[in-house]
Amino acid sequence: MEKINFYLINASIVPDIYKKVIKAKDLLASGEAKSTSQAAKMADISRSAYYKYKDAIFEYHGDDSSDTATINAKLMDNAGVLSSLMSELYKAGANVLSVNQSVPIHSVADVSVTVRIAEMTATKEELLKSIKEIDGVNSVVLS
């Protein structure tokens with residue numbers, strides 16, 4: 001089996017066809033285009049060009065792990081507690097990526113929320129403080 005090599009290349013020197021294939025892939029992934037034919041047309045390329053390059057070209061997004069944080073909390077099994085937590089995240093400008101909640105044991109549920117924090121309007125400390133103040137939050141840790 002032949003070894004696959006990858007190169008990281010500045011987008012300014014990449015041929016337009018590659019950029020258009022990336023655009024078509026993005027249109028499909030977002031649901032803006034309902035089919036590959038529609039995506040290719042919207043990106044101004046042929047379907048054959050799309051199929052030729054779609055599995056060989058990818059957009060590099062870098063290591064954005066510093067842009068995310070995980071909030072681990074113990075919440076009382078009361079109506080609205082998780083909703084209040086989500087509301088505080090929204091107010092702080094955090095973008096929720098995933099939510100995992102366990103089944104409550106002794107009326108307490110473990111909740112893990114992963115958020116993108118790059119666009120937050122509040123600091124991590126301010127966010128943590130506002131979450132701790134929610135009635136029904138027993139504990140919260142941000143990592």
Please tell me whether [X] and [Y] are part of a single hydrophobic cluster in this structure, the criterion being side-chain heavy atoms less than 4.5 Å apart.
{"X": "Y53", "Y": "L8", "value": "no"}
{"X": "L127", "Y": "L97", "value": "no"}
{"X": "I9", "Y": "I4", "value": "no"}
{"X": "Y7", "Y": "V14", "value": "yes"}
{"X": "M42", "Y": "I17", "value": "no"}

Do the side chains of [Y] and [X] get nearer than 4.5 Å, heavy atoms only?
{"X": "T68", "Y": "V115", "value": "no"}
{"X": "L28", "Y": "Y50", "value": "yes"}
{"X": "V113", "Y": "M86", "value": "yes"}
{"X": "V141", "Y": "I71", "value": "no"}
{"X": "L75", "Y": "Q101", "value": "no"}
{"X": "N72", "Y": "V111", "value": "no"}
{"X": "K124", "Y": "I117", "value": "yes"}

Sequence-distant partners of S48, side chain to side chain donor-acceptor pair (under 3.5 Å), two or more places apart:
S46

I'd like to know if the side chain of [X] and the backbone of [Y] have a donor-acceptor N/O pair within less than 3.5 Å.
{"X": "K132", "Y": "S139", "result": "no"}
{"X": "K74", "Y": "V108", "result": "no"}
{"X": "Q38", "Y": "K34", "result": "yes"}
{"X": "K25", "Y": "I57", "result": "yes"}
{"X": "T121", "Y": "A92", "result": "yes"}

Minimum heavy-atom separation for I22 to F58, with atom names?
CD1-C, 3.6 Å

Which atom of A43 lies closest to which atom of L27, heavy atoms considered
N-CD1, 4.3 Å

Atom [atom1] of [X] and atom [atom2] of [Y]: how far apart are they, to the nearest 0.5 Å?
{"X": "L89", "Y": "M120", "atom1": "CG", "atom2": "CE", "result": "8.5 Å"}
{"X": "K23", "Y": "E59", "atom1": "NZ", "atom2": "CD", "result": "12.5 Å"}
{"X": "D44", "Y": "K20", "atom1": "CG", "atom2": "NZ", "result": "4.0 Å"}
{"X": "L128", "Y": "T123", "atom1": "CG", "atom2": "OG1", "result": "9.5 Å"}

Which residue pairs pass the side-chain hydrogen bond (donor to acceptor under 3.5 Å, both in side chains) test with at least one member in residues 84-93, sequence neighbours excluded?
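Listed once each, the pairs are E88-K91, E88-S130.
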
Just wondering, more than 12 heavy atoms not from K19 lying within 6.0 Å of its NZ?
yes

Decide whether Y51 and T36 meet the rule of one side-chain donor and one side-chain acceptor closer than 3.5 Å.
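T36 and Y51 do have a side-chain donor-acceptor pair below 3.5 Å.
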
Electrostatic pair K129-E133, nearest N-O below 4.0 angstrom
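A salt bridge links K129 with E133.
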
